[in-house]
Number of protein chains: 2
Amino acid sequence: MGANSRLTVAAHALAWIELNRRMGGEVATSEQIANSVNTNAVVIRRLLGELREAGLVESRRGAGAGWRLARPAESISLAEVYRAVEEAPLFALHPAEPNQECPVGHGIRSALAPVYGDAEEALRAQLARTSVADVVRDSLAVP
Amino acid sequence: MGANSRLTVAAHALAWIELNRRMGGEVATSEQIANSVNTNAVVIRRLLGELREAGLVESRRGAGAGWRLARPAESISLAEVYRAVEEAPLFALHPAEPNQECPVGHGIRSALAPVYGDAEEALRAQLARTSVADVVRDSLAVP
DNA sequence: CCTGATGTAACTGTAGCAGTTACGACAGGC
DNA sequence: GCCTGTCGTAACTGCTACAGTTACATCAGG
């Protein structure tokens, strides 16, 4: 499937902001984060903008501007990050409406919808078990 | 994210083959299945070709050709169908290698990989709870 | 006012999915 | 042995989304 790296980059950015804070940094700039992720600063600003709408980070403008976490890193789970950056459902139903005169075509969307819902729920529940603080700890633990 | 409908169409095709068999049909043709899914027969043949490589269906060529399930519908789970049609991992790591001189950039891929693995595992485990026979039953139950 | 950073718009390149046409390969029936 | 119907597959198009980039307006502190 179309696997994208939005969750990866968002988690990286949040972990960097948190580590920077622990090192005494007031705020982190998109340029600094982009340097660690190895991408363009605009890509970071776009992603962090979605995280701000979700209430996970705050930004300051003007001179001495930058980003910081809106809540402790321990309380931000990857499930919240996922919800903030991936709005579309994981599985799509039919591109075109199936044949309603066929018993399968008529009922299959109603049959699959709860299955997909439960599967996404299981995915989110597992992501909820990891926080941004966990990501920082595990990253620093790599030799 | 790029949600595609490959799992949906594959499940629909398998359910249709099973229902057709229960109605006395020897084999199902891609044209018949495409008529129920409301798509092109080539789309069906491509998808069923992947399911055949996974050992879920068999095809016969020549006159009177078509498709049938390789195993009872009760024993084919959506987790197997998902594995057959979606080879790529759900979450991608970084598009470009992160900055190795940064502690976060150096360790984050190793930190995220098991998290993503566990999340996908939870997804597959939930999909494994539904079989093609369940899909047929639930589809027919829709008024 | 100057400076440095955010906030966006606009565009490009790339990739995958879905759809379509076309045609070769195959196997059974006549 | 040819006809027919279906699979098997290549090739192409249109569409969408992600990632990257440039450009510029906006803002706030010094």
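Below, chains carry the letters A, B, ... as their sequence lines are ordered, and counting in each starts from 1.
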Between [N] atom [atom2] and [X] atom [atom1], what is the distance in whole Å?
X	N	atom1	atom2	answer
A/His94	C/dG19	NE2	P	11 Å
B/Phe91	D/dC18	CZ	C1'	16 Å
A/Glu58	C/dT6	CD	C1'	15 Å
A/Arg68	C/dA5	CZ	C1'	15 Å
B/Ile17	D/dT6	CD1	C1'	14 Å
B/Leu7	C/dA18	CG	C1'	16 Å

**Report entry** Spatial distance of atom CD (B/Glu120) from atom CG (B/Leu127) [nearest 0.5 Å]
**Finding:**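 Reported value, rounded in 0.5 Å steps: 11.0 Å.
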
I need the full list of ring pair (Phe, Tyr, Trp, His ring centres under 6.0 Å) pairs touching [range], with sequence neighbours left out, sorted by first then second residue.
range	result
residues 112-143 of chain A	A/Phe91-A/Tyr116
residues 40-80 of chain B	none
residues 4-63 of chain A	A/His12-B/His94
residues 41-63 of chain A	none

Please determine whether a side-chain nitrogen or oxygen atom of [X] lies at a distance below 4.0 Å from atom OP1 or OP2 of [N].
X	N	value
B/Ser5	C/dC17	no
A/Arg45	C/dG7	no
B/Ser59	D/dT6	no

Query - Within residues 18-40 of chain A, residues whose heavy atoms come under 4.0 Å of DNA chain C - result: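 Correct list: A/Thr29, A/Ser30.
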
Requested in this report: Give me the residues of residues 46-54 of chain A where at least one heavy atom lies under 4.0 Å from an atom of DNA chain C, by number, or none.
Outcome: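 Residues of residues 46-54 of chain A that come under 4.0 Å of DNA chain C are, in numerical order, A/Arg46, A/Arg52.
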
**Report entry** Candidates C/dG7, C/dC17, D/dC7 - which lies nearest the side chain of B/Asn4
**Finding:**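 Minimum distance to the B/Asn4 side chain belongs to C/dC17.
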
Query raised in the report: What string of B, S and - do you get for nucleotides 24-30 of chain C, 5' to 3', when a contact is any protein heavy atom under 4.0 Å?
Result: BBBB---

Can you list, pair by pair, the side-chain donor-acceptor contacts under 3.5 Å of residues 57-65 of chain A, counting residues two or more places apart and other chains?
| from | atom 1 | to | atom 2 | distance (Å) |
| --- | --- | --- | --- | --- |
| A/Glu58 | OE1 | A/Arg68 | NE | 3.4 |
| A/Ser59 | OG | A/Arg52 | NH1 | 2.9 |
| A/Arg60 | NH2 | A/Gly64 | O | 3.1 |

Query raised in the report: With sequence neighbours excluded, what pairs up with A/Arg137 under the salt bridge (charged side-chain N to carboxylate O under 4.0 Å, His left out) test?
Result: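 A/Asp134.
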
Query raised in the report: In chain order, what residues pass the salt bridge (charged side-chain N to carboxylate O under 4.0 Å, His left out) check against A/Asp138, with sequence neighbours excluded?
Result: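 None.
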
Query raised in the report: Which residue pairs satisfy the salt bridge (charged side-chain N to carboxylate O under 4.0 Å, His left out) criterion with at least one member in residues 26-48 of chain A, sequence neighbours excluded?
Result: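 Residue pairs with at least one partner in residues 26-48 of chain A: there are none.
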
In a table with atom names and distances, give each donor-acceptor pair under 3.5 Å that connects a side chain of residues 70-79 of chain B to protein atoms at least two apart or in another chain.
| from | atom 1 | to | atom 2 | distance (Å) |
| --- | --- | --- | --- | --- |
| B/Arg71 | NE | B/Ser75 | OG | 3.4 |
| B/Arg71 | NH1 | B/Glu80 | OE2 | 3.2 |
| B/Arg71 | NH2 | B/Ser75 | O | 2.7 |
| B/Arg71 | NH2 | B/Glu80 | OE1 | 3.0 |
| B/Arg71 | NH2 | B/Glu80 | OE2 | 3.2 |
| B/Ser75 | OG | B/Pro72 | O | 2.9 |
| B/Ser77 | OG | B/Ala79 | N | 3.3 |
| B/Ser77 | OG | B/Glu80 | N | 3.3 |

Query raised in the report: Would you say the side chain of A/Leu48 lies within less than 4.5 Å of the side chain of A/Ile33, judging by non-hydrogen atoms?
Result: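 Answer yes - side chains close enough.
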
